[in-house]
Amino acid sequence: MIATVTLNPAVDKTYTCTRFLPGQVNRMDSVRNLAGGKGVNVAKVLRQYEYPVRTLGLLGGYSGELIRDHVTDIGAECRFTPVAGETRCSVNILSQDGYVTELLEPGPEITEEEIRCFLADYEKGITDCELVILSGSVPGSVSPGIYRDLIHRAAKREKKVLLDTSGIFLRESIGAKPFMIKPNIKELEFLTDRKIQGLRETAEAAVSVNEKGIAHVLVSMGAKGILYVKEGKILRAKAPGVHALNTVGCGDSVVAAFAMAYQKGMDDEEMLKFCVGISAANAATLENGVIPMTLAGELMEKAEVESIRL
Ligand SMILES: Nc1ncnc2c1ncn2[C@@H]1O[C@H](COP(=O)(O)OP(=O)(O)OP(=O)(O)O)[C@@H](O)[C@H]1O
Ligand SMILES: [Mg+2]
């Protein structure tokens, strides 16, 4: 069983339009409402590959119900903690001129009592899980240090934590030494407090994080693929070329792929090919967290992994 934790889930609203112009009336050609939030997307990918998943986190209101229904429909165990506030919507506007505009709400107010209930649900919910995946942002009213607490609680129970978050949430929790982190370049820059240009600087920054006791550092570099550091060894997997339709959420598919690879006992090279294959296939679809599995399999075969020395 794999546990995913989504403290700030969202209904993903995807609009398509010809052009999106700020400050003007914009008519949309289509709209779709889908259950989202990073941990929910990870769960979607894991369920497509038929891994048992338990979803934890905070859910409230009508948006919360939509997410609860979806999570149950895909066959994941839904163990979200109910909250009084309304789960947020995240808006993604895809315009035909190639621009992608995202509007991200901060999330509902969460009370201290709700957090206490969540912590109890979390401790209970991870008991029979080997891996715990913490993904995404944290609602504004919750301490940015909460992931540090969740990592410590998981470590006490000998669970391995995969952490995919950004900014202060990542920086605050790194000292708790999650088993794996998956920053993109911007997140790695913030974490290491440096500007990063090119593969060499990316590798140097990732090695510095690995040296701080993070066993697996996977840096996702968009269409440039993944740079991976483990025990000081650096590998780079090139992203297979695809016609990308929507790259939002590709990072979530990398995290899901890493979790599956870990549970299957894949070696590093196989794991990286699996990660870039699944995430490139995800980039080729409009919907976050939906993997065309045949395409993913073909892309994995084509993927190339090389060793890098500093
Ligand atoms: N255009 C693309 N073509 C092929 N593969 C891609 C493309 N964009 C992303 N990927 C794959 O997806 C992985 C994750 O993408 P990215 O680095 O954009 O993650 P991210 O910034 O964390 O995204 P998000 O947080 O929205 O999930 C990349 O490492 C790469 O393997
Ligand atoms: Mg990401």
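Below, each value reflects all heavy atoms present in this structure, side chains not excepted, and no hydrogens, waters or symmetry copies.
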Worked verdict on I214 versus M180 for side-chain contact (heavy atoms from CB on, under 4.5 Å): CA-CA 6 Å; I214 314 300; M180 178 277 232; 5.9 Å; no

Modelled atom types, side-chain donor and acceptor of S135 and D164, under 3.5 Å: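 Note: S135 and D164 side chains miss the donor-acceptor criterion.
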
R236 and S307: side chain donor to acceptor below 3.5 Å: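 No.
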
Step-by-step side-chain contact (heavy atoms from CB on, under 4.5 Å) determination, E77 to T55: CA-CA 6 Å; E77 252 186 60; T55 53; 5.9 Å; no

Residue pair K230, D268: steps toward the salt bridge (Lys or Arg N to Asp or Glu O under 4.0 Å) verdict: CA-CA 9 Å; K230 178 181 117 184; D268 296 342; 3.1 Å; yes

V40 and V71: CA distance, side-chain angles, deciding distance, side-chain contact (heavy atoms from CB on, under 4.5 Å) verdict: CA-CA 8 Å; V40 173; V71 162; 4.2 Å; yes

Spatial distance of atom CD1 (I226) from atom OH (Y228) [nearest 0.5 Å]: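 Result: 11.0 Å between the selected atoms.
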
Nearest-0.5 Å distance that lies between atom CD1 in I133 and atom CD1 in I126: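 The CD1 atom of I126 is 12.5 Å from CD1 of I133, to the nearest 0.5 Å.
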
Evaluation steps, side-chain hydrogen bond (donor to acceptor under 3.5 Å, both in side chains), between S30 and T16: CA-CA 5 Å; S30 69; T16 59; 2.5 Å; yes

Under 3.5 Å: donor-acceptor pair, side chain of Q24, backbone of L21: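 A pair under 3.5 Å: no.
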
R88 (side chain) donor-acceptor with V11 (main chain) under 3.5 angstrom: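 Such a contact is absent between R88 side chain and V11 backbone.
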
Cation-aromatic face contact R153/Y122, 6.0 Å, 45 degrees: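 No, R153 does not lie over the aromatic ring of Y122.
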
Closest non-hydrogen atom pair, L170 against P183: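 Smallest heavy-atom distance, with atoms named: CD2-CB, 4.4 Å.
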
